[in-house]
Each structure stands twice: as structure tokens, then as C-alpha cells.
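To keep things clear, I will list the structure first and then write my remarks on it.
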Amino acid sequence: MSQTPDSAVRTYIEQHRAAFLDDLAAWLRIPSVSARPDHAPDVRRSADWLAGKLQDTGFPTVEVWQTPGAPAVFAEWPSDDPQAPTVLVYGHHDVQPAAREDGWDSDPFEPVVRDGRLYARGAADDKGQVFFHTLGLRAHLAATGRTAPAVGLKLLIEGEEESGSPHFRALVEERAGRLAADAVIVSDTGMWSEDTPTVCTGMRGLAECEIRFHGPDQDIHSGSFGGAVPNPAAAAARLVAALHDEHGRVAVPGFYDGVVELTDRERELFAELPFDEESWLRTARSYATHGEAGYTTLERVWARPTAEVNGIGGGYQGPGSKTIIPSTAMVKLSFRLVAGQDRDHIEKAVRAWAAEQVPAGIRCEILFGSATRPCLTPLDHPALRSVARAMGRAFGKPVRFTREGGSGPAADLQEVLGAPVLFLGISVPSDGWHAPNEKVELDLLLKGVETSAYLWDDLARNWRTAP
């Protein structure tokens with residue numbers, strides 16, 4: 001099996017660049033804002049538009065899948081090689097709300113190119129990064145002379161990611177047979193910088209809860225009863241104070257059970273990144289770093305579990321004083337989870353720990369919301385190596401590795417389908433996701449196209465999945 005020739009790929013991309021950008025601009029003009037009910041017809045129009053373009057690309061199977069919310073788009077193109085892996089590409093076609101008065105220099109849904117950058121809502125998050133796969137696939141076919149991709153290729157492009165993907169897991173569970181794949185490529189992410197191409201190898205999971213403290217049946221006079229009955233607000237404060245030890249570690253017993261520790265190689269790779277901590281602090285609008293002892297800032301954000309206080313309240317909040325013992329208080333906590341942690345175990349551990357912090361006379365109610373599992377792909381996984389090689393060929397420089405501290409629907413795909421998740425994105429921090437003047441660097445967008453063109457052949461040559 002011959003390797004996709006670089007020159008043929010680049011020539012094809014250059015020849016089709018203008019039409020590709022025109023098509024992307026047409027898609028970006030559709031205001032597919034999933035959070036706004038009045039834009040529901042636009043989200044449907046966006047799905048239909050993408051389905052049509054995927055048919056034009058050559059996918060023999062293209063379907064718009066309805067959900068109780070916004071529609072998703074599914075496409076499938078089998079390989080003619082029975083031993084080739086099957087890859088599922090994930091992205092989303094909905095976008096964040098945007099209006100000119102938010103601070104945009106131009107209409108957010110009328111794409112414009114300035115100084116080599118395409119400005120529009122969705123340019124980077126996520127229509128641009130979904131759409132580069134269409135030209136990349138065509139370049140792959142043209143350069144290799146194939147009539148089908150070197151791998152079995154599937155796409156799942158959802159329509160509710162910007163609204164929290166409320167129906168996504170149910171959709172994946174319902175359609176798991178159709179979505180079955182050996183690996184998942186998520187193109188809803190970014191890289192370190194324009195000069196430092198990177199591949200993300202994992203994301204943290206998330207569990208969150210609200211703890212409600214109930215004391216007296218009503219607010220009572222602190223002079224008549226203070227010092228003689230328990231105070232819910234004080235109980236909440238003591239619980240928060242007990243959440244971490246003096247080394248910044250989460251003090252909940254069992255919290256670190258099963259945690260997959262960073263390898264020495266991973267720590268070396270993180271340390272190679274050109275990280276400017278002072279600049280990072282300015283971006284965070286903060287004045288000092290803080291966290292678990294023994295770990296760098298990047299290690300804390302990407303690869304260590306955390307517990308954060310997201311809110312705390314109780315008692316009188318108005319001007320002046322009101323000398324009471326409040327009837328209730330509350331704390332909102334969130335836990336970022338890493339590979340090896342089990343969300344059910346975390347919930348049980350937090351419940352047991354919280355019960356020990358509450359004094360007699362205070363009733364404690366703990367409400368957990370839905371949780372997201374972490375995902376992590378080992379550095380030596382053959383699919384990850386293919387992504388890194390393909391990106392390295394496109395960018396002409398070494399590719400480094402990162403993780404992400406946040407969470408997303410990728411973990412649902414990993415858990416339900418039992419397939420590793422790989423991240424392929426070309427967006428950079430300056431692209432302004434969710435902000436006014438969102439943009440994508442056109443040179444990087446075309447590098448994404450080129451990476452996609454190389455990837456399918458590399459996977460087929462280096463990862464055989466059937467006997």
C-alpha cells in the first residue's frame with residue numbers, strides 16, 4: 001500500500017481552495033444557534049445543508065437523525081479493505097449566540113476575510129473544523145486514486161453541543177450499532193499555538209453536586225439562640241474548609257482511588273511546551289498559581305483531579321446587618337476527574353465525607369447532577385501515532401502532546417462505543433470561541449484539510465484490526 005503523496009494532496013487542496021471556502025462561508029451564514037428556540041429552523045437548515053454537502057463529497061449513506069432537540073447528521077463510507085479500521089469523526093454544527101452589538105466588527109453571520117483570517121460565528125467552533133474533513137477526504141481519494149476511503153469512515157455531527165448535548169448520550173446509545181468504530185476522531189478542539197502543533201490525548205471528566213444544610217425551621221435571633229444551637233452557614237464554611245489538606249490535595253477519603261498517574265514521559269512532554277506562566281495568569285485574571293503540591297500548573301489543569309467550590313451561600317445577604325442564625329445554607333461543588341476515577345465511587349465518597357462534617361442538629365441534603373467520564377488515549381496507541389504523523393506531515397514540524405482540563409461529549413462516545421478518542425483540531429487560543437469576532441486562521445484551516453488527507457491512509461497502513 002503506497003503512501004499518499006504530499007505534492008498531490010497539496011496541489012488538489014490549492015485547486016479546490018476557493019470553492020471550499022465559498023461553501024464554508026455559505027454554511028456559516030446559517031445562524032444555527034441551538035440555545036435559542038427561535039433558531040430551531042436554522043439548526044435544522046444547517047443539518048440539511050451539511051447532509052447535502054456530504055452527499056456531494058461522495059458519502060453513499062447520509063442521514064439526518066432527529067432527537068427530542070436538534071438534529072444530528074450521520075454519514076458513512078465503508079472502505080473496500082475488510083482489514084482496515086473504522087473511524088468515527090465527531091463534531092457539531094450548532095453555534096453560540098452572536099449579535100453585532102456584542103462587540104463584533106462585522107455581522108457574525110456574514111463571513112468576512114481579513115488578513116488571512118475568516119471571521120464568523122462557527123468559523124473555528126465548530127463548522128470550520130468539521131468541514132475541513134470534506135476537502136481532506138476528497139484530496140485523499142484524488143491523490144491515491146481510490147474510489148473509497150482507506151478506512152471505513154463515519155461522521156456524527158450533532159446539533160446541541162453548545163446547549164450541553166442534552167440528548168447526545170441517548171442518541172449514541174440508541175444508534176450504537178450504526179456508530180460502531182475502532183477509533184473516534186474529535187474535531188472540536190485546538191492546538192497550543194500557530195507555531196506549535198499539538199494533539200490532545202485526554203480530557204478530564206466532571207461530577208458536580210449541591211449540598212444543602214438545614215438547621216432551625218426558620219431564621220432565629222442570634223442574641224437569644226446564638227452559641228446554643230448549630231448554625232447551617234457555619235457548617236457550610238467548615239465543610240468547605242475541610243475540602244483540601246495543607247498540600248492542596250482533596251481530603252475526601254478514597255478520592256484518588258484508581259487515578260492513572262502521569263508517566264515520566266508525559267511529564268517530559270508537558271515540560272517541552274513553551275508555557276509562560278505569567279502570561280497564563282494574566283489570561284486567568286489571577287495573581288498567583290495554587291494547587292496540589294508536587295505538580296506543575298499544566299499537570300494540575302490537565303492530568304490531576306480537583307475539587308472546586310463553585311458557590312456558597314446562606315443567611316442574610318442584603319445591606320447592613322441582620323443578626324440571625326440562618327435556617328439554611330448551601331454549597332455547590334464540582335470535581336474534575338481523571339482516567340481511572342469512577343464517578344459512582346466519587347459520589348459515594350463525597351456523601352460519606354460530607355456526612356462526617358455535619359454537626360448534630362443540621363440536616364444535610366446532597367444532590368448530584370449528571371456526570372461526565374474522563375477519557376485518555378495512551379501515547380503509544382497506533383491511532384494516536386497516526387494522528388501525530390499526519391499532522392506532522394502537514395505542518396512540517398514535530399507535533400507535541402497536550403491534554404484538556406474541561407469536559408465534553410467525547411467521553412460518552414468512548415464509554416458507549418468502547419473506542420479510544422483522538423483529538424484532531426487546528427484552532428488556536430486567539431480564535432475567540434464563544435466571543436465576539438470569532439475567527440479561524442485560513443493557513444491553519446488548510447493544514448487541517450491536509451492532515452485529514454494524510455490520516456486515513458496512515459491509519460490503514462499502520463493499524464490492521466481484523467484477522
Side-chain angles (χ1 to χ4, degrees), residues 204-257 259 281 284-295 297 300-301 304-338 341 343-372 405-407:
R204 293 191 295 187
L206 175 66
E208 50 191 340
C209 69
E210 179 175 327
I211 304 178
R212 300 173 183 173
F213 302 85
H214 304 273
D217 290 336
Q218 63 181 33
D219 294 349
I220 56 177
H221 195 288
S222 64
S224 300
F225 301 100
V229 297
N231 185 314
R238 282 193 296 270
L239 181 139
V240 167
L243 187 58
H244 298 88
D245 67 16
E246 66 274 20
H247 303 295
R249 286 177 60 86
V250 180
V252 176
F255 183 77
Y256 292 91
D257 289 353
V259 166
L281 278 171
R285 301 294 195 272
S286 193
Y287 304 97
T289 61
H290 177 75
E292 186 181 1
Y295 295 91
T297 297
R300 290 168 180 166
V301 173
R304 295 301 296 168
T306 62
E308 293 294 342
V309 180
N310 306 127
I312 182 170
Y316 181 64
Q317 305 289 323
S321 64
K322 186 177 183 182
T323 53
I324 59 167
I325 295 172
S327 173
T328 62
M330 56 75 65
V331 173
K332 290 181 180 289
L333 304 177
S334 63
F335 305 90
R336 296 289 175 172
L337 311 179
V338 299
Q341 286 183 297
R343 58 188 178 184
D344 295 332
H345 173 75
I346 293 298
E347 178 176 340
K348 291 176 182 176
V350 170
R351 288 184 181 277
W353 168 80
E356 293 180 354
Q357 311 305 313
V358 179
I362 299 290
R363 292 178 292 111
C364 176
E365 179 184 11
I366 305 180
L367 306 174
F368 270 84
S370 59
T372 301
S407 305

Check whether any side-chain heavy atom of [X] sits under 4.5 Å from a side-chain heavy atom of [Y], and report yes or no.
{"X": "Arg336", "Y": "Leu206", "value": "yes"}
{"X": "Ser321", "Y": "Tyr316", "value": "no"}
{"X": "Leu333", "Y": "Val309", "value": "yes"}

Heavy atoms only: give me the nearest [X]-[Y] pair and the separation to one decimal.
{"X": "Ile324", "Y": "Gly315", "result": "CD1-CA, 4.4 Å"}
{"X": "Asp219", "Y": "Ser327", "result": "OD1-N, 2.7 Å"}
{"X": "Pro305", "Y": "Val338", "result": "N-CG1, 3.6 Å"}
{"X": "Val259", "Y": "Gln341", "result": "CG2-CG, 3.6 Å"}

With rounding to the nearest 0.5 Å, note down the distance linking [atom1] in [X] to [atom2] in [Y].
{"X": "Arg304", "Y": "Thr297", "atom1": "CZ", "atom2": "OG1", "result": "14.0 Å"}
{"X": "Ile346", "Y": "Trp353", "atom1": "CD1", "atom2": "CH2", "result": "12.5 Å"}
{"X": "Met330", "Y": "Phe213", "atom1": "CE", "atom2": "CZ", "result": "9.5 Å"}
{"X": "His214", "Y": "Cys364", "atom1": "NE2", "atom2": "SG", "result": "8.5 Å"}

query = Under 6.0 Å from the CG atom of Asp217, do we count more than 12 heavy atoms belonging to anything else shown?
reply = no
key: Pair Arg212 + Glu210: basic N to acidic O under 4.0 Å   = yes
task = Determine, for Glu347 against Arg351, whether the closest basic-nitrogen to carboxylate-oxygen distance falls under 4.0 angstrom.
result = yes
query = Can you check whether Ser222's main-chain N or O pairs, donor with acceptor, with Thr323's side chain at less than 3.5 Å?
reply = no
query = Counting only N and O atoms by type, is there a donor-acceptor contact under 3.5 Å from the side chain of Ser286 to the main-chain atoms of Leu281?
reply = no
Table please: side-chain donor-acceptor pairs of residues 231-256 below 3.5 Å, with sequence neighbours left out.
unit_1	atom_1	unit_2	atom_2	d
Asn231	OD1	Ala233	N	2.8
Asn231	OD1	Ala234	N	3.3
His244	NE2	Ala307	O	3.1
Asp245	OD1	His247	N	2.8
Asp245	OD1	Gly248	N	3.2
Asp245	OD1	Arg249	N	3.0
Arg249	NH1	Glu292	OE2	2.9
Tyr256	OH	Val250	N	2.9

message = Leu337 and side-chain contact (heavy atoms from CB on, under 4.5 Å): which single residue from Arg204, His345, Arg343 fits?
response = Arg343
